[in-house]
2 protein chains.
Amino acid sequence: MKVSIEVEVARLRAEAGSFSPDCPTRVLLDHITSRWGMLILLALASGTMRWGELRRWAQGISEKMLAQTLRTLEADGLVLREQRPVIPPHVDYSLTERGRELAVLLLPLMEWVIADTAAAAAGGTPPA
Amino acid sequence: MKVSIEVEVARLRAEAGSFSPDCPTRVLLDHITSRWGMLILLALASGTMRWGELRRWAQGISEKMLAQTLRTLEADGLVLREQRPVIPPHVDYSLTERGRELAVLLLPLMEWVIADTAAAAAGGTPPA
DNA sequence: CTGTATCCTTTCAGATACTG
DNA sequence: CAGTATCTGAAAGGATACAG
């Protein structure tokens with residue numbers, strides 16, 4: 001198990017072309033791991049949401065950042081924006097198929113972080 | 001498969017206590033997803049490295065950011081720093097057990113990002 | 001309800017020079 | 001070799017006000 005990880009990383013690095021900052025891979029990764037990106041993806045993983053719902057879900061996000069994050073993720077093809085031409089405006093946000101693929105990978109990561117944080121809080125710093 | 005994701009997220013949110021910015025969960029997540037954090041973790045997933053090796057691996061990183069990132073990850077208990085008291089100095093960096101657990105979850109994410117970027121480049125924007 | 005536009009503060013990150 | 005210290009510019013992010 002341990003050895004295969006090392007092989008994997010080497011292969012990854014070769015495919016990604018060294019992860020240089022201007023590589024498209026890095027750009028997408030930056031969007032996903034941006035301050036609010038992962039939170040929004042996670043929120044939408046639980047179902048379609050409207051602007052106001054997202055604001056409440058992602059506590060502390062400003063309107064500016066919500067708009068920016070949503071536009072970025074939409075441009076990346078991860079989030080779908082559907083506007084209904086009614087008064088007052090009604091807009092639904094959801095994950096695209098790509099977005100859902102990604103969310104599936106993000107979930108174990110979040111679970112680990114939560115579990116790890118809980119463990120650290122309970123038992124001081126766990127044995128390194 | 002799809003429904004279980006929604007259940008998962010709801011459970012996650014309950015456990016994490018709403019992901020407020022000052023929550024320890026968010027702090028750790030920010031470290032992992034910081035500009036260089038994931039890259040360093042990925043580098044060390046391929047084996048123990050020294051300062052100079054890491055600098056070369058993470059192309060474009062400054063000494064300041066390398067030091068800062070390493071110290072942060074070390075404080076989080078993800079990276080182990082072993083200094084050998086010799087002249088000239090010799091310091092080895094590696095992943096702790098927790099770090100390795102995390103790296104295992106990071107790998108599929110990176111693979112997906114690379115594959116997705118490649119697909120987007122090859123076929124224009126894939127069907128949303 | 002769903003945003004946009006502007007300003008303004010804070011934080012991030014790179015370059016440079018220096019140390020044990 | 002393996003860092004630290006300091007300075008400075010760039011950029012992210014938040015608050016507020018306003019609009020369709």
Side-chain angles (χ1 to χ4, degrees), chain A residues 18-23 26-41 43-44 47-76 79-94, chain B residues 18-23 26-41 43-44 47-76 79-94:
Chain A
S18 85
F19 303 127
S20 64
D22 51 337
C23 166
R26 275 288 297 276
V27 173
L28 179 55
L29 193 62
D30 283 349
H31 293 171
I32 296 168
T33 63
S34 69
R35 178 111 206 259
W36 300 105
M38 198 173 301
L39 235 42
I40 295 299
L41 288 171
L44 293 180
T48 297
M49 284 196 193
R50 299 179 57 177
W51 171 274
E53 289 180 280
L54 282 169
R55 274 216 69 176
R56 265 169 272 123
W57 212 93
Q59 289 191 352
I61 195 171
S62 64
E63 297 189 337
K64 178 186 171 183
M65 291 318 295
L66 179 54
Q68 196 176 105
T69 304
L70 283 172
R71 269 187 277 111
T72 300
L73 295 178
E74 189 191 359
D76 288 333
V79 164
L80 181 64
R81 179 181 186 278
E82 291 173 291
Q83 179 165 8
R84 303 228 292 261
V86 296
I87 306 285
H90 183 120
V91 181
D92 286 321
Y93 291 95
S94 57
Chain B
S18 84
F19 304 128
S20 65
D22 51 337
C23 166
R26 274 288 298 276
V27 173
L28 179 55
L29 193 62
D30 282 349
H31 293 171
I32 296 168
T33 62
S34 70
R35 178 108 201 258
W36 301 103
M38 198 173 301
L39 234 44
I40 296 299
L41 288 171
L44 293 179
T48 297
M49 283 196 194
R50 299 179 57 178
W51 171 273
E53 289 180 281
L54 283 168
R55 274 215 70 176
R56 265 169 272 124
W57 213 93
Q59 290 192 353
I61 195 172
S62 65
E63 297 189 337
K64 178 187 170 181
M65 293 316 295
L66 179 53
Q68 195 175 107
T69 304
L70 283 172
R71 271 187 276 111
T72 300
L73 295 179
E74 189 191 357
D76 288 334
V79 164
L80 180 65
R81 180 180 186 275
E82 290 173 293
Q83 179 164 8
R84 304 226 292 262
V86 296
I87 306 284
H90 183 118
V91 182
D92 286 321
Y93 292 95
S94 57

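Values below: all heavy atoms of this structure, side chains included; hydrogens, waters and symmetry mates excluded. Predicted model, so just to flag it, every value in this text is computed and none were measured.
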Below 4.0 angstrom from OP1 or OP2 of dT2(C), is there any side-chain N or O of Arg50(A)? yes
Measuring to OP1 and OP2 of dC1(C), would you say a side-chain N or O of Tyr93(A) lies under 4.0 angstrom away? no
Starting from [atom2] on [N], measure out to [atom1] on [X] and report it in whole angstrom.
| X | N | atom1 | atom2 | result |
| --- | --- | --- | --- | --- |
| Gln83(A) | dT2(C) | CD | C1' | 8 Å |
| Asp92(A) | dT2(C) | CG | C1' | 12 Å |
| Glu74(A) | dT2(C) | CD | C1' | 14 Å |
| Arg56(A) | dG3(C) | CZ | P | 14 Å |

Looking at side-chain heavy atoms only, is the closest gap between [X] and [Y] below 4.5 Å?
| X | Y | result |
| --- | --- | --- |
| Arg35(B) | Thr69(B) | no |
| Leu54(A) | Leu44(A) | yes |
| Val79(A) | Thr72(A) | no |

Mind checking if Arg81(A) touches a base, just sugar-phosphate, or nothing, with heavy atoms under 4.0 Å? sugar-phosphate
What residues, two or more places apart in sequence or in another chain, satisfy side chain to side chain donor-acceptor pair (under 3.5 Å) together with Arg56(B)? none
By side chain to side chain donor-acceptor pair (under 3.5 Å) - contacts of Gln83(B) (at least two apart): Arg81(B)
Mind running side-chain contact (heavy atoms from CB on, under 4.5 Å) on Thr48(A) and Leu80(A) for me, showing each step along the way? CA-CA 9 Å; Thr48(A) 297; Leu80(A) 181 64; over 6 Å; no
What are the bounds, 5' to 3', of the part of DNA chain D that sits under 4.0 Å from heavy atoms of chain A? dG13(D) to dG20(D)
Residues touching DNA chain D, which here means a heavy atom under 4.0 Å, drawn from residues 64-71 of chain A: Lys64(A), Met65(A)
Residues that Arg50(A) engages under side chain to side chain contact (heavy atoms under 4.5 Å, CB included), provided they are two or more places apart: Glu53(A), His90(A), Asp92(A)
Residue list, side chain to side chain contact (heavy atoms under 4.5 Å, CB included) with Glu63(A), at least two apart or on another chain: Trp51(A), Arg55(A)
